[in-house]
Amino acid sequence: MENLPKTYTPQEIEGKWYQFWQKNNYFHAEAISEKPSYAIVIPPPNITGSLHVGHALDNTLQDCLIRWRRMQGYNTLWMPGTDHAGIVTELIMERKLAEEGTSRTAIGREKFIERMWQWKAESAGYIVSQLQQIGCSCDWERERFTLDEGLSEAVRTAFVKFYEQGLIYRDTYMANWCPECNTVISNLEVEPIEIDGNFYHIRYPVKDSEVVLEIATTRPETMLGDTAVAVHPDDERYQHLIGKKAHLPLCDREIPIIADAYVDREFGTGALKVTPAHDTNDYEIGLRHNLEQCIVFTRDGYINENAPERYVGLPRSGCRQRVVEDLQNTDSLVKIVPHRHAVGHHDRCGAVVEPTISLQWFMDVRPLARRAIEATQKGEVKFIPARETARFYHWMENIEPWPIARQRWWGHRIPIWYCNACDTITAAMETPQQCECGASDFRQEEDVLDTWFSSGLWPFSTMGWPAETPELTTFYPTSVLVSGWDILFFWVARMIMLGLGCMDEVPFRTVYLHGLVADEKGQKMSKSKGNSIDPLETIATYGADAFRFALANASTPLPYVALPESQIEAGRRFANKIWNAARFIFMNLEKHPMPVEMDTVEINRGTLEIEWIQSRLNYTIETTTDALENFRFHEAAQTLYAFLWHEFCDWYLEFTKQRIAQETPEALWVAANVLEQTMRLIHPIMPFLSEEIWQQLRYGGSSSESALDKNSVTVAPWPEPMGENPTAEATMATLMEVIESIRSIRGELNVPLGASVEIHIQSPDAEIRDRLETYLAQYLPAFTRVASVTIAETLQKPPASAESVIGNLAIYIPLANVIDLDAERVRLSKRYQQAVKDVTAAQKTLDNPNFVQRAPERVVSQKRAQLERLLVEQEKLARSLEILTQSAEGNDD
RNA sequence: GGGCGGGUAGCUCAGGUGGCUAGAGCGACAGCCUUACAAGCUGUAGGUCACAGGUUCAAGUCCUGUCCCGCCUACCA
């Protein structure tokens with residue numbers, strides 16, 4: 001067939017069909033519809049980013065769900081869009097600027113933001129086109145961006161609302177500070193990394209005493225900000241010192257010795273230096289004891305003038321070095337002990353985070369967290385896998401105020417205005433006209449919001465909130481949220497809280513958290529580790545469908561999913577297999593055109609292979625649907641793979657060849673019909689290939705312009721199961737066993753393929769004989785070359801023949817000229833030994849009276865039947881072996 | 001320190017509520033260009049299901065303990 005090349009070439013198919021879908025608007029969701037709704041909002045990728053393998057997995061799974069539900073007749077919305085991704089994006093721009101020999105601060109806020117928008121404009125289409133290349137069926141007309149006009153309004157609305165509720169407030173508080181990025185960050189953004197550091201033991205002399213307190217610290221430079229030494233109130237060693245003063249070396253200051261139960265007597269020396277301005281715990285101690293907060297770092301990580309002059313202006317690391325040297329020189333350093341401990345690093349830039357007191361905007365998320373917990377407990381949100389629910393609760397129950405401001409530029413500027421006359425604070429949608437003091441001169445807050453604040457509003461901000469839009473009515477709450485578990489707290493939890501806060505309702509009913517893609521060593525794939533595969537390269541090499549199949553197939557419920565190259569290769573082979581099965585059908589359809597429409601192919605109830613394949617198809621429909629229903633993507637992929645390859649291709653199409661040779665092409669038409677339905681089933685996973693073949697099947701291969709105004713598998717109905725046929729399946733199973741036995745004999749005894757063989761089958765079962773007579777002669781030639789088939793109730797084993805036993809059925813193949821009797825003896829005795837082993841096991845089970853008494857009748861009778869069959873096999877094999885051995889001995893004479 | 005997940009064939013993994021002879025893909029070996037597919041076909045080999053107990057008629061599956069591996073989480077300076 002000229003228009004179907006022998007090898008599947010995805011590159012020639014994929015682009016064409018994506019355009020076709022777009023042109024026909026199949027992905028469009030109606031804001032108002034009679035149909036039931038099904039909605040997913042995309043986890044918005046970074047606007048300037050590119051697709052990595054995690055996106056590929058995430059979006060493939062979403063597309064599977066969306067395409068499947070669309071075919072089921074839902075009014076499906078897949079809401080696409082992108083995120084401005086605050087700090088990450090800024091950092092990349094800063095690197096660019098550095099390459100140009102300038103910097104963020106040099107060009108200033110206005111110019112910087114201008115550059116960001118410019119870059120956004122240049123790169124925005126890139127990520128979208130990548131999503132399209134893997135086939136995502138998003139409603140692109142609705143594409144949104146977190147810094148859009150509409151979404152910005154949503155951000156301001158939410159902020160003002162929470163401010164007015166008192167949930168958002170400004171406070172001087174301890175928060176994690178990144179000196180590289182010059183901004184405060186939240187706990188979630190701090191990544192503790194184990195490093196080899198040191199424990200510095202330092203002497204703090206006690207005033208008016210001979211005693212010297214020894215304290216231990218990993219951060220000696222912070223002593224410049226010490227305002228106390230703490231000991232445990234019950235620590236007998238230090239009881240007498242409580243209330244006295246210690247002399248702080250290098251600073252020439254006196255600091256109080258206080259008692260606080262926080263101190264661990266067992267740890268270090270039992271005496272703790274307290275730096276309330278630069279340590280979270282010390283901060284708490286400081287509050288309890290009214291200690292002075294002495295900030296010694298500048299915002300960009302240098303020592304400020306609160307420290308003695310000789311340290312001012314030093315960077316943190318340099319300062320540590322000088323402090324240690326000075327301690328040594330003044331004989332204040334006792335010792336340095338190597339010590340491994342976790343140090344917080346900023347997850348975006350990698351800098352060591354410095355906890356610092358500053359005036360910040362916070363959101364008290366605790367009330368919303370409580371509501372989120374309650375809503376989840378009531379079942380309004382369900383997590384899959386269920387184990388994630390516990391993680392969610394744990395996080396929510398221990399949640400702390402969220403520092404929502406970032407001292408950055410790229411993002412939503414906080415809608416707070418300060419009166420220049422009286423410093424009154426106003427939260428508003430836009431610049432206020434007049435202050436209550438009468439002045440009308442305002443300055444807006446410089447800080448922007450944490451990028452997760454706007455993405456937390458995503459499920460409703462994208463649908464037009466705060467306006468009351470039909471989209472919100474139709475699609476909110478959305479159906480499912482699909483994401484990696486690594487952003488459960490960052491994003492999913494925030495969406496639930498902010499959704500409850502703004503919409504009074506959870507944003508989605510189900511959260512499906514898939515695993516993260518790992519390499520063959522089990523390491524998470526990421527660009528920074530350099531172990532990532534590039535989705536675009538993969539698509540170029542293997543095709544999007546092969547990639548998608550591999551992703552779906554790899555998507556087990558484990559926290560990490562393995563995606564070795566061989567999986568993708570397997571996907572490609574599968575695509576090629578489907579392609580060639582279709583070619584086979586098309587080629588033969590040309591010779592035997594279908595007399596009726598595809599959907600009305602008559603089911604020939606009398607023909608075994610047709611009943612069988614239809615039964616198997618129905619099983620496949622049921623299993624695939626059930627798998628998708630339960631987010632078991634790997635099971636859907638496996639089921640379709642096994643059906644298409646090992647049942648449809650390996651068996652059914654071989655039957656079909658026979659039928660065509662017999663001039664009864666009904667089987668071929670059924671093959672076309674089954675393939676058509678299977679293409680619908682596999683469409684969610686392999687959209688391009690299934691569309692190509694589906695179009696060819698339905699519209700006779702008019703793959704170009706003429707098909708453009710026609711229907712699409714995208715909107716074809718999801719197949720309905722018509723019930724299974726156990727009788728046909730059982731009969732076919734017997735036939736398959738017979739055929740496999742014959743092939744096995746030929747294979748093991750090296751009977752050349754060209755050689756025709758006589759086949760003698762003996763079975764005492766009249767019904768089995770009848771079925772074999774009806775079908776075997778028809779089917780066999782498709783699988784092996786046969787000269788004749790004899791079926792009888794009793795049969796003399798022909799001389800020099802190979803034998804196979806299936807229960808009470810025996811197959812003999814005379815191989816007078818070919819057979820190697822030794823090989824046959826080895827083969828049979830191997831079978832015999834297996835039979836003995838199986839018989840012993842089954843016998844043992846049945847000999848146990850408790851089994852017969854207590855096991856369900858079904859299991860017992862099954863076991864009995866099994867034993868019976870095995871016994872017959874064993875006996876037959878034993879007899880044949882005996883004969884073989886005798887004849888061998890006879891030959892020896 | 002707590003918690004979660006995992007340890008099944010050489011490799012990567014399946015094996016919802018315990019019950020056929022523990023499966024697949026890749027790899028290995030042997031034989032095939034059989035008129036859809038060599039990105040294919042046929043056959044074969046390969047597993048004491050981490051270990052030790054226990055519950056049960058029956059355990060890869062449930063319980064307890066142990067050992068490894070990974071992750072999340074935690075204020076030990």
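We name chains A, B, ... by the order of the sequence lines, and we start the count at 1 in each one.
Rounded to a whole angstrom, the distance from the P atom of B/G15 to that of B/G54 is 29 Å. Comparing the C1' positions of B/U48 and B/A30 gives a spacing of 29 Å, expressed to the nearest Å. For the C1' atoms, the distance linking B/G6 with B/U61 amounts to 15 Å, nearest Å. Comparing the same atom, P, in B/G16 and in B/G23 gives a spacing of 14 Å after rounding to whole Å. Rounded to whole Å, the separation between the C1' atoms of B/A24 and B/A14 comes to 7 Å. Look at the P atom in both B/G10 and B/U17: the space between them is 26 Å, to the nearest Å. Nucleotides B/C49 and B/C62 have their C1' atoms positioned 16 Å apart, rounded to a whole Å. On the C1' atoms, B/G18 is 45 Å away from B/C76, given to the nearest whole Å.
Atom CD1 of A/Ile285 and atom P of B/C75 are 14 Å apart (whole Å). What separates CZ of A/Arg632 from C1' of B/G15 is a distance of 11 Å, to the nearest Å. Between the P atom of B/G15 and the CG atom of A/Asn553 lies a distance of 12 Å, rounded to the nearest Å. The separation between A/Arg864 atom CZ and B/U21 atom C1' is 19 Å, rounded to whole Å. Spacing between atom CG of A/Leu558 and atom C1' of B/U12 amounts to 11 Å, rounded to whole angstrom units. Going from atom CG of A/Asp838 over to atom C1' of B/A22 covers 13 Å, rounded to whole Å. Going from atom CG of A/Asp650 over to atom C1' of B/C37 covers 11 Å, rounded to whole Å. As rounded to whole Å, 17 Å separates atom P of B/A38 from atom CZ of A/Phe574.
For B/G5, the paired nucleotide is B/C69, the pair qualifying as Watson-Crick or G-U wobble because both relevant distances are below 3.5 Å. Pair assignment for B/U61 gives none, since no Watson-Crick or G-U wobble pairing has each distance under 3.5 Å. Pairing of B/C26, defined by two Watson-Crick or G-U wobble distances under 3.5 Å, is identified with B/G10. In this structure, B/C41 and B/G31 make a Watson-Crick or G-U wobble pair, each of the two defining distances being under 3.5 angstrom. For B/U56, there is no paired base (Watson-Crick or G-U wobble, both distances below 3.5 Å).
Residue contacts shown for A/Phe783 are absent, as no nucleic acid heavy atom lies under 4.0 Å away. Residue-level contact check: A/Ala581 touches the bases, meaning some heavy atom is under 4.0 Å from a base atom. A/Trp395 comes within contact range of no nucleotide atom at all, as no heavy-atom separation falls under 4.0 Å. At the heavy-atom level, A/Thr556 lies under 4.0 Å from the strands shown only through sugar-phosphate atoms. Nucleic acid contact for A/His339: sugar-phosphate only, since backbone atoms but no base atoms lie under 4.0 Å from a heavy atom of the residue. Across all strands, A/Asn576 comes closer than 4.0 Å to base atoms (heavy-atom distances). Among the heavy atoms of the strands lying under 4.0 Å from A/Pro856 is at least one base atom, whether or not backbone atoms are also near.
With the nearest nucleotide of RNA chain B identified for both A/Arg869 and A/Glu740, A/Arg869 has the one nearer the 5' end. Toward the 5' end of RNA chain B, the nearer of the two residues A/Ala342 and A/Asp626, judged by each one's closest nucleotide, is A/Asp626.
Side-chain atoms of A/His289 and A/Asp260 form a donor-acceptor pair, as typed in the model, at a separation below 3.5 Å. In this model, a donor atom of one side chain and an acceptor atom of the other lie less than 3.5 Å apart for A/Asn553 and A/Gln638. At a cut-off of 3.5 Å, with distance as the only test, a side-chain donor of A/Lys273 or A/Thr222 sits close to an acceptor on the other residue. For A/Glu214 and A/His201, the side-chain atoms include at least one donor-acceptor pair closer than 3.5 Å.
Comparing B/A36, B/C13, B/G19 against the side chain of A/Arg583 picks out B/A36 as the nearest. For A/Glu748, taking side-chain heavy atoms from C-beta onward, the closest of the listed nucleotides B/U44, B/G19, B/C72 is B/U44. Candidate nucleotides B/A77, B/G19, B/G40 were compared by shortest atom distance to the side chain of A/Ala855, and B/G19 ranks first. Comparing atom distances between the A/Tyr641 side chain and each of B/A36, B/C72, B/G25 picks out B/G25 as nearest. Minimum atom distance to the side chain of A/Lys577 is reached by B/C41, of the listed B/C72, B/G27, B/C41. Each of B/A39, B/A36, B/G5 was ranked by its minimum atom distance to the side chain of A/Pro559; first place goes to B/G5. Counting only heavy atoms from C-beta on, A/Arg387 has its side chain closest to B/C4 among B/A36, B/C4, B/U44. Distances were taken from every side-chain heavy atom of A/Gln866 (C-beta onward) to each of B/A39, B/A77, B/C20; the shortest belongs to B/C20.
Side-chain N/O atoms of A/Trp645 include one lying less than 4.0 angstrom from OP1 or OP2 on B/C41. OP1 or OP2 of B/A24 has not a single side-chain nitrogen or oxygen of A/His646 nearer than 4.0 Å. Residue A/Arg743 places at least one side-chain N or O closer than 4.0 Å to OP1 or OP2 of B/G43. OP1 or OP2 of B/U44 has at least one side-chain nitrogen or oxygen of A/Ser744 nearer than 4.0 Å. Remark: A/His634 is not in phosphate contact with B/G25, judged by side-chain N or O atoms under 4.0 Å from OP1 or OP2. In terms of phosphate contacts, A/Thr218 brings no side-chain nitrogen or oxygen within less than 4.0 Å of OP1 or OP2 of B/A77. Contact annotation: A/Lys6 side-chain N/O to B/C37 OP1/OP2 distance is under 4.0 Å. The side chain of A/Arg219 places no N or O atom within less than 4.0 Å of a non-bridging phosphate oxygen (OP1 or OP2) of B/A77. Within the 4.0 Å cut-off from OP1 or OP2 of B/A36, at least one side-chain nitrogen or oxygen of A/Lys657 is found. Between A/Lys863 and B/U21 there is a side-chain polar atom (N or O) within less than 4.0 angstrom of OP1 or OP2.
Aromatic ring orientation, A/Tyr283 versus A/Tyr173: perpendicular (interplanar angle above 60°, classes split at 30° and 60°).
A/Arg340 has its side chain out of reach of A/Ile195: every pair of non-hydrogen atoms, C-beta onward, lies at least 4.5 Å apart. Two residues are said to be in side-chain contact when any heavy atoms from C-beta on lie closer than 4.5 Å; A/Leu272 and A/Asp282 meet this criterion.
A cation-pi geometry, defined here as NZ or CZ lying under 6.0 Å from the six-membered ring centre and within 45° of its normal, holds between A/Arg391 and A/Phe489. Taking the ring axis of A/Trp651 as reference, the NZ or CZ atom of A/Arg659 does not stay both within 45° of it and closer than 6.0 Å to the ring centre.
In the interface, the side chain of A/Glu654 is paired with the base of B/A36 through a donor and an acceptor atom under 3.5 Å apart. Taking 3.5 Å as the limit, the base of B/C71 and the side chain of A/Tyr560 contain no donor-acceptor pair of atoms between them.
In this structure, A/Tyr542 has its ring center no closer than 6.0 Å to that of A/Tyr8.
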